[in-house]
Amino acid sequence: MSTEDRPPAPRSLAEALRARGDASLGALLRSRPDLITPVPTDLTQLATRAGTRASVVRALERLDRFALQTAEALAVAADPATYGELLGLMAGDDADPAVVAALPHAVGLLREQALVWGDDDRLRLLRTARELLAPSPQHPSPTGLGPTVQEATAGMSPGRIQEIVAAAGLASTHDSVSAVTALAGLFTDRARMAALLADAPADSLDVLERLVWGPPYGQVTADPAPRLRWLLDRGLLLPTAPGTVVLPREVALHLRRGLAHRVAEPVPPGVEAAAAHRPQVVDSTAAGQAYTALATVEELLKDWDEGGPAVLRAGGLSVRDLKRTAVALDVPEPTAAFWVELAYAAGLIASDGEADERYAATPAYDEWLEQPPAERWSRLVTAWLAATRTAGLVGGRDAKDRTLSALGAGLDRSAAPEVRHRVLALLAELPEGAAPAAESVLARLRWERPLRGDRREDDLRGRLAEWALSEAELLGVTGRGALSTQGRALLGAPAAPAAAAKGPEAEPAGPGDKLPVHHHRSAPSAPLSPAEQAVASAAAARLLAPLLPEPLDHVLLQADLTAVAPGPLRRPLANMLGVLADVESKGGATVYRFTPGSVRRALDAGQAASDLHAFLAAHSRTPVPQPLAYLIDDVARRHGHLRVGAASAYVRCDDDAVLSEILADKRGAGLGLRRLAPTVLAAQADPVGLLEGLRAMGFAPAAESAEGDVLITRALAHRTPPRAAPEPVPDGPPVPDDTLLAAALRAIRAGDLASTAPRKPGSAPAADGEPPRTGAAETLATMQAAVLTGEAVWIGYVNAEGTASQRVIAPIRVEGGFVTAYDHTADEVRTYPLHRITGVAELADDAG
């Protein structure tokens, strides 16, 4: 394109946005969704919003390391800068080929996000971004560069400037401005600068070497050493404050061979594989972890079935209750906090809302228990992927130095879902069966979202990534550190090729083994929408289902009063066995132990001795041992021999010798027992306390009703009222979907058409970008005239919500305080109340 045919360069960001097509504007609004919350009235307002500090900071935080380095280089370049100048700052004199190849994409990304605007011969960094990234004594630049010669000499006396110019070998000038320009020209001329430094003492060059990569500031005494005096005399060091000197930017760039950064990082670091396993082994290991996850959540909720721990006054779980939960689950406290938070995120537990508020299972837990195991796992991992509550923070301190507790406030981190998804997506890019080196994953994340300034001390994304790797292993999304097949499906990635024919037991013997490498297309780079995630989770559940162990309907009874379950049990069998026996050990096989207390628990639940004998005979692959049969009969024979009721409480028994034995036992002194009749004792304790006291003394009493019938006590499951799962805290405004984006673009284009439509000279003066202002009489007269002439007019309008906009309309009818007009901006006929029109102006005859 010739110079004459080239469109004029934009003079502002608004003009640059106005020259964009809808696709380019749509990309901007997707990458910076805060710009359309709410939808701006026109492109001028969009440009203004894009330059606000909060929006720019958010945009800079989402740049990758090389794009951020490019923006930092532009912040220390001239304004405007040419593409060649930027390339010199990024690639240096040696023109690093990797930087040369990657720079166009980085500049394009900055342009897309409206952080940079202008053609390649006039690149302008957004003013707010320049203020944030440019070096200053209070906020040093990551480039390590200091101020320019012009900035550093701003407060210097003209005489001192002339002395520096003369010492540098330059001709004296008539004013300070030209002297500073000449000095800057010397420092940017490679040949003359090399000649100047060739005469420098070696120890003076050592001083420059220490400052060249930053920080550029140093301390000097009132009487500087000769090596410093040589540099100060020639302006290679310039004073900025008493006792402080700075290395000018132009000098540093010469010494750096033009580089703004010591190390440019145009290519993201790769994720390295630390180990390789056969895909079948990964899937089977992950499936085992998935089953353990389901069992752990069930055990947690079963422990809280009759009402869990109390809710702290400030909300959350106490440290003591978390420790008890960890002991019950036989896991460390951080892991227990994860399982508690996961159940909460999945909507399986909540507070009951009672006066004595406690945590308990929700009605959704009962529904969850009835689902197939794979679907239950799918619900857990879907909640985990979307949850912003972060269990890894439990035990830490908040901004007010308060301890963060499980299920308490302050655990939401809006970046958590995006980090989890990104970590799994990076694992999906590796060959199947490859487990990544954790540090390489963290290095990749740091490149994609580099930390800026003082926030390097708080690498939250790094900690979120570490937690994501460990939690994915606990849930069975990964196995042996590698992403499983169901884990890939969970991300929406396409199915991998069929696995090798070898079975899961065929692990590689060593580094020399040949592993089948299965490559695949990458997972989506962004988290899925809720609808897409539901489909992906269902697909993952289908892949997991065949890998989970089938529940068993039998146990192995042993003569030492134990039963061994060689695998997972079917729910009715597991529930009944949980009442009849106590769990002694867990693992690949679960060992249950029968005790007098556990048998009495089953009898209290309404079972008869004959029922227990029949149950064990039906579900044991071995004969029922004689000691177990004797135990059941012995406990059943004594069960209910004593009766407890309310008198305050009483004990009655047909055998007065037993009552005499109770009265003689010193352990019953606290019960306040006394004989009312040969077969009746009265007590001061309540019936429940009396039952527990007698059982502690070795007796087996049964409770009875006022009518004398034995009461069958069953543990009633305590449930909360229906509760919804906690909503994730969004990380800023959501990315607009296609429908919203199209509507926003139409509204912005329409508003821009109205605000830029040419007006007749002297018609309704208004400030740039502001709607016209006219009185009610003038507005009515202009509208009536436009109806007669059929011409379009420009109006300012405020809707019922108080939102102001500008519109181009062609009035058709004015009556009853309303104007009916064809709205060019909305492309439809509308009716507007005249009292909501702030002003009207006539358009120029050539307005289109």
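For reference, positions follow the sequence shown, starting with 1.
Not one N or O on the side chain of Arg480 forms a donor-acceptor pair closer than 3.5 Å with the backbone of His277. With Tyr291 contributing its side chain and Pro373 its backbone, the two residues share no donor-acceptor pair below 3.5 Å. Remark: the backbone N or O of Arg58 is not paired with any side-chain donor or acceptor of Glu61 at under 3.5 angstrom. Thr478 contributes no side-chain N or O that, together with a main-chain N or O of Gly481, makes up a donor-acceptor pair within less than 3.5 Å. Looking only at distances, no side-chain donor or acceptor of Gln371 sits under 3.5 Å from a matching main-chain atom of Arg379.
Asp283 and Ser484 are not linked by any side-chain donor-acceptor pair at a separation below 3.5 angstrom, with hydrogens and angles left out of the test. Under the 3.5 Å distance criterion, with hydrogens and angles disregarded, no donor-acceptor pair is assigned to the side chains of Arg719 and Thr362. For the residue pair Thr720 and Asp352, no side-chain donor N or O sits within less than 3.5 Å of a side-chain acceptor on the partner. Neither side chain, Thr143 nor Glu72, offers a donor N or O lying under 3.5 Å from an acceptor on the other.
Salt bridge annotation for Glu418-Arg461: present, with a cationic side-chain nitrogen under 4.0 angstrom from a carboxylate oxygen. Ion pairing between Glu448 and Arg444 holds under the 4.0 Å rule for side-chain N and carboxylate O.
Residue pairs meeting the salt bridge (Lys or Arg N to Asp or Glu O under 4.0 Å) criterion with at least one partner in residues 402-411, sequence neighbours excluded, are Asp398-Arg402.
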N/O donor-acceptor pairs under 3.5 Å from side chains in residues 105-115, not counting sequence neighbours:
residue, atom, partner, partner atom, Å
Arg111, NE, Gly118, O, 3.1
Arg111, NH2, Gly118, O, 3.0
Arg111, NH2, Asp120, OD1, 2.7

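Across all non-hydrogen atoms, the minimal contact from Ala386 to Pro417 is O-CG, 3.5 Å. When all heavy atoms of Pro450 and Asp64 are compared, the closest pair comes out as CD-C, 3.9 Å. Scanning all heavy atoms of the two residues, the minimum distance from Leu474 to Trp339 falls at O-CH2, 3.9 Å. His261 and Ala73 get closest at one heavy-atom pair: CE1-N, 4.2 Å. Across all their heavy atoms, Ala374 and Leu548 have their closest contact at N-CD1, 3.8 Å. When all heavy atoms are compared, the tightest approach of Glu341 to Leu411 is OE2-CD1, 3.2 Å.
Separation of atoms CD (Glu429) and CG (Leu483) is listed at 11.0 Å; rounding is to 0.5 Å.
In this view, Arg30 and Asp738 satisfy the salt bridge (Lys or Arg N to Asp or Glu O under 4.0 Å) rule, not counting sequence neighbours. Take Ser537 and apply the side chain to side chain donor-acceptor pair (under 3.5 Å) test, not counting sequence neighbours, and it matches Thr382, Gln533. Residues satisfying the salt bridge (Lys or Arg N to Asp or Glu O under 4.0 Å) criterion with Arg53, sequence neighbours excluded, are absent altogether. For Arg324, the salt bridge (Lys or Arg N to Asp or Glu O under 4.0 Å) partners two or more places apart in sequence, or in a different chain, are Asp321.
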Verdict with reasoning, Thr296 to Leu300, per side-chain contact (heavy atoms from CB on, under 4.5 Å)
CA-CA 6 Å; Thr296 303; Leu300 168 68; 5.7 Å; no

Between Trp467 and Val423, is the side-chain contact (heavy atoms from CB on, under 4.5 Å) condition met? List the steps.
CA-CA 10 Å; Trp467 295 329; Val423 166; over 6 Å; no

From CA spacing to verdict: side-chain hydrogen bond (donor to acceptor under 3.5 Å, both in side chains), Arg32, Ser55
CA-CA 8 Å; Arg32 298 177 64 179; Ser55 182; 2.7 Å; yes

Derivation of the side-chain contact (heavy atoms from CB on, under 4.5 Å) call for Arg65 and Leu68
CA-CA 5 Å; Arg65 189 180 300 279; Leu68 183 58; 5.8 Å; no

Determine whether Arg376 and Glu298 satisfy the following criterion, salt bridge (Lys or Arg N to Asp or Glu O under 4.0 Å), listing intermediate values before the conclusion.
CA-CA 11 Å; Arg376 283 187 279 141; Glu298 283 188 50; 2.6 Å; yes

Apply the test side-chain hydrogen bond (donor to acceptor under 3.5 Å, both in side chains) to residues Gln289 and Thr292: give CA-CA distance (whole Å), side-chain angles for both, the deciding distance (0.1 Å), then the verdict.
CA-CA 5 Å; Gln289 286 294 117; Thr292 302; 4.9 Å; no

